[in-house]
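Take a look at the structure below.
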Amino acid sequence: MPDVKPARVRFAPSPTGSLHIGGARTALYNYLLARQTGGRFILRIEDTDQTRFVPGATEQVMAGLRWLGLQWDEGPDVGGPHGPYIQSQRADIHRAHAGQLVEAGAAYYCFCTKERLDALRREQQILKRQPRYDGHCRLVPPEEAKARQAAGEPCVVRFKVTEGAKTTVRDLLRGDITVDNASLDDFIILKSDGLSLYHLAAMVDDHLMGITHVIRGSEWLPSLPKHALLLRAFGWDEPAWVHLSVFLKPSGKGKLSKRESANLKAEEGHSVFVHDMQELGYMREAVLNWLALMGWSLDDKTDVLSLDEMIAGFSLDRLNPAPAAVNFDKLDHFNGLHIRGLPQAELARRLLPYFDGAGLKADEAALLRIVPIIQERIGTLDEAVDMAGFFFRPNVTPRREQLIPKGLDASSALAALLAARDRLAALPDLTHAATEAPMRALAEELKLKPGQLFGILRVALTGQPVSPPLFETIALLDRPVVFERIAAAEALLLGSEK
RNA sequence: GCCCCCAUCGUCUAGUGGACCAGGACGCGGCCCUUUCAAGGCCUAAACCGGAGUUCGAAUCUCCGUGGGGGCACCA
């Protein structure tokens with residue numbers, strides 16, 4: 001194992017929506033490192049901006065992680081030695097640390113109004129300069145600032161970025177990243193409402209929670225120097241920084257956006273949200289496998305991995321820093337692979353909710369009987385309902401034209417159907433072994449291709465042109481049902497020509 | 001506009017100076033199997049962004065372009 005020291009890592013989403021695949025992949029990598037090293041996986045909710053708070057989002061994120069099987073060791077609901085794990089409940093801690101920086105001269109109170117700041121920004125935009133704070137309140141004498149702050153004058157706390165210097169931070173995937181401090185402005189760490197901004201809150205909490213590795217999205221890369229500066233001002237050690245690449249749209253052109261992905265689910269049965277995955281018939285194993293391989297690889301050929309195998313084989317230095325376009329075809333492929341890899345009883349168990357959801361009275365025992373004939377022909381779990389729902393419906397409703405194979409007309413199809421019925425009726429048992437030979441012989445007698453005869457029966461018995469193999473299907477249907485459905489098809493073929 | 005990051009088949013990736021006329025996977029095309037649909041097997045097409053260096057030798061190192069992405073809030 002490359003990392004022998006137990007890692008303490010965190011997944012720190014803001015409660016602004018449901019868990020999406022980008023967040024899930026970040027959570028996964030954090031989880032893998034924690035499990036591999038015998039460390040701890042911490043869930044922390046970053047809700048310092050109440051204006052963006054979405055009710056229920058925290059629960060949705062937790063549900064998504066649980067569904068994926070990424071259970072956290074410390075978090076809002078399970079607690080832990082470094083709580084609370086909801087950032088808004090740590091406001092006092094953040095405020096005290098901001099005060100500490102002010103005392104140390106590393107930060108200062110800023111009384112600039114929104115109006116002044118807006119005007120400043122506009123001016124800078126017109127001059128085509130990078131918008132940044134001009135350091136106006138740096139000039140307020142500390143005693144005066146303290147007095148004004150104490151008197152209740154609205155103010156924020158800004159971090160004092162040393163001018164004329166450069167800041168270098170090491171990212172595990174990208175090496176040293178150096179920026180000119182001039183490109184950083186004196187950023188705000190505490191808002192006028194007394195709540196911390198992300199930069200301060202995250203660094204204080206990471207330190208207090210003993211975080212050893214910060215694995216997060218690359219959208220944080222530009223503010224990495226700020227975080228390092230903050231940590232250094234406190235005199236704290238830096239964690240190992242790992243900035244993951246973003247996910248791109250399937251076309252590879254542009255970032256995967258939630259808004260643009262809204263139609264995905266309805267239009268092509270895919271979704272960027274973990275909460276949709278189960279409904280769409282995906283298995284957690286497949287989603288995990290798919291996600292893991294977008295940005296990480298075990299070696300040059302392994303593509304099927306269980307969560308345990310990922311834990312065993314994960315390595316930070318096999319992470320890929322380049323952005324990855326998501327490929328839903330590949331998710332489908334993995335899903336099929338994992339479905340086929342499931343023990344039959346387990347697949348039956350997992351299929352049950354989909355039949356329930358479709359209002360079909362299936363049970364595990366019945367599903368277990370049909371699993372052998374559908375397991376290798378479904379790509380998603382919900383497809384089992386389309387494929388085998390007819391087993392659980394009282395009757396089927398074939399379309400008349402589907403009962404008539406290419407090259408035949410209604411009367412010859414009918415004749416074939418009735419002949420097949422008579423042969424089947426003569427058999428004591430409708431097992432696969434008993435039915436196939438007579439049906440093949442019949443086809444030959446009627447000068448039909450086997451597929452033509454079988455097609456008529458298939459549509460009559462299942463109501464659909466695509467189904468599990470015919471003789472296995474007949475064997476699983478109750479005998480009376482077979483003849484009822486044939487009779488119904490007969491009636492349909494006898495009916496009006498159009 | 002400024003700052004930062006990234007760059008191998010259409011896509012996900014392997015590749016850490018010679019073992020690469022670049023390997024695997026998805027997808028595509030073809031063949032086989034076949035009662036539909038799948039699954040499975042076999043095969044084909046398909047890439048080192050460009051240009052300068054460094055080196056006996058570069059997909060691998062450096063620089064410059066170009067392209068893509070991210071970021072520049074009292075958001076996270």
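Numbered from 1 within each chain, the chains take letters A, B, ... in sequence-line order. All values reported here derive from a predicted model rather than from experimental measurement.
Closest to the side chain of Ile188(A), from the set G24(B), A73(B), A39(B), is A73(B). Side chain of Met387(A), nearest nucleotide from U35(B), C37(B), A76(B): C37(B). Closest contact between the side chain of Pro321(A) and the listed nucleotides C75(B), C72(B), A7(B) involves A7(B). Ranking C74(B), A76(B), U35(B) by closeness to the Arg121(A) side chain, first place goes to C74(B).
Annotation: His227(A) is in aromatic contact with Tyr198(A) [ring centroid separation under 6.0 Å]. For Phe454(A) and Phe471(A), the distance between ring centers is under 6.0 angstrom. Taking the six-membered ring for Trp and the full ring otherwise, the centers of Tyr85(A) and Trp72(A) sit at least 6.0 Å from each other.
Phosphate proximity of A14(B) to Asn320(A): present, with a side-chain N or O under 4.0 Å from OP1 or OP2. For the pair Lys191(A) and C75(B), the criterion of a side-chain N or O lying under 4.0 Å from OP1 or OP2 is met. Applying the 4.0 Å criterion to OP1 and OP2 of C2(B), one finds that Ser183(A) has every side-chain N and O outside that range. The phosphate of C72(B) has neither OP1 nor OP2 within less than 4.0 Å of any side-chain N or O from Arg132(A). The phosphate of G15(B) (OP1 or OP2) has a side-chain N or O of Arg318(A) nearer than 4.0 angstrom.
Of the residues Tyr133(A), Tyr108(A), Phe187(A), the one that meets the ring pair (Phe, Tyr, Trp, His ring centres under 6.0 Å) test with Phe159(A) is Phe187(A). Each of Val304(A), Leu347(A), Val287(A), Leu288(A) was evaluated against His338(A); a single residue qualifies, Val304(A), per the side chain to side chain contact (heavy atoms under 4.5 Å, CB included) test.
Looking at heavy-atom distances under 4.0 Å, Leu470(A) makes contact with a base. At the heavy-atom level, Trp296(A) lies nowhere under 4.0 Å from the strands shown. Here Phe471(A) lies in heavy-atom contact (under 4.0 Å) with a base. Residue contacts for Gly336(A): at a heavy-atom cut-off of 4.0 Å it reaches no nucleic acid atom on any strand shown. Using a 4.0 Å heavy-atom criterion, one finds that Cys112(A) contacts the bases of the nucleic acid, with or without backbone contacts as well. In this structure, Ser467(A) reaches the bases: a heavy-atom distance under 4.0 Å links it to at least one base atom across the strands shown. Backbone-only contact: Arg174(A) has heavy atoms under 4.0 Å from sugar-phosphate atoms and none from a base. Across all strands shown, Arg340(A) has heavy atoms under 4.0 Å from sugar-phosphate atoms exclusively, and none from any base. Nucleic acid contact for Pro468(A): base, since at least one base atom lies under 4.0 Å from a heavy atom of the residue. Among the protein residues, Pro469(A) comes within range of the nucleic acid bases, having at least one heavy atom under 4.0 Å from a base atom. Here Val156(A) lies in heavy-atom contact (under 4.0 Å) with a base. Nucleic acid contact for Ser251(A): none, since no nucleic acid atom lies under 4.0 Å from a heavy atom of the residue. Across all strands, Gln124(A) comes closer than 4.0 Å to no nucleic acid atom at all (heavy-atom distances).
Across every strand in view, C26(B) sits in a pair with G10(B) that passes the Watson-Crick or G-U test at under 3.5 angstrom. Shown here, A38(B) forms no base pair; nothing in the strands shown gives a Watson-Crick or G-U wobble contact with both key distances under 3.5 Å. Taking a pair to require two hydrogen-bonding distances under 3.5 Å in either a Watson-Crick or a G-U wobble arrangement, C61(B) pairs with G53(B).
Rounded to an integer number of Å, the gap from Leu200(A) CG to C74(B) P is 15 Å.
Taking the C1' atom of each, U60(B) and U8(B) are spaced 11 Å apart, rounded to whole Å. Separating the P atom of G65(B) from that of C48(B) is a span of 23 Å, rounded to the nearest Å. Across the P atoms, C26(B) and C64(B) are found 40 Å apart, a figure rounded to whole Å.
Between Asn181(A) and Lys166(A) the shortest heavy-atom distance is OD1-C, 3.7 Å.
You'll find a donor-acceptor pair under 3.5 Å spanning the side chain of Lys330(A) and the base of A25(B), going by distance alone. If you check distances only, the side chain of Ser192(A) does reach the base of C74(B) with a donor-acceptor pair under 3.5 Å.
Of the possible donor and acceptor atoms, none in the side chain of Glu346(A) sits under 3.5 Å from a partner among the backbone N and O of Pro343(A).
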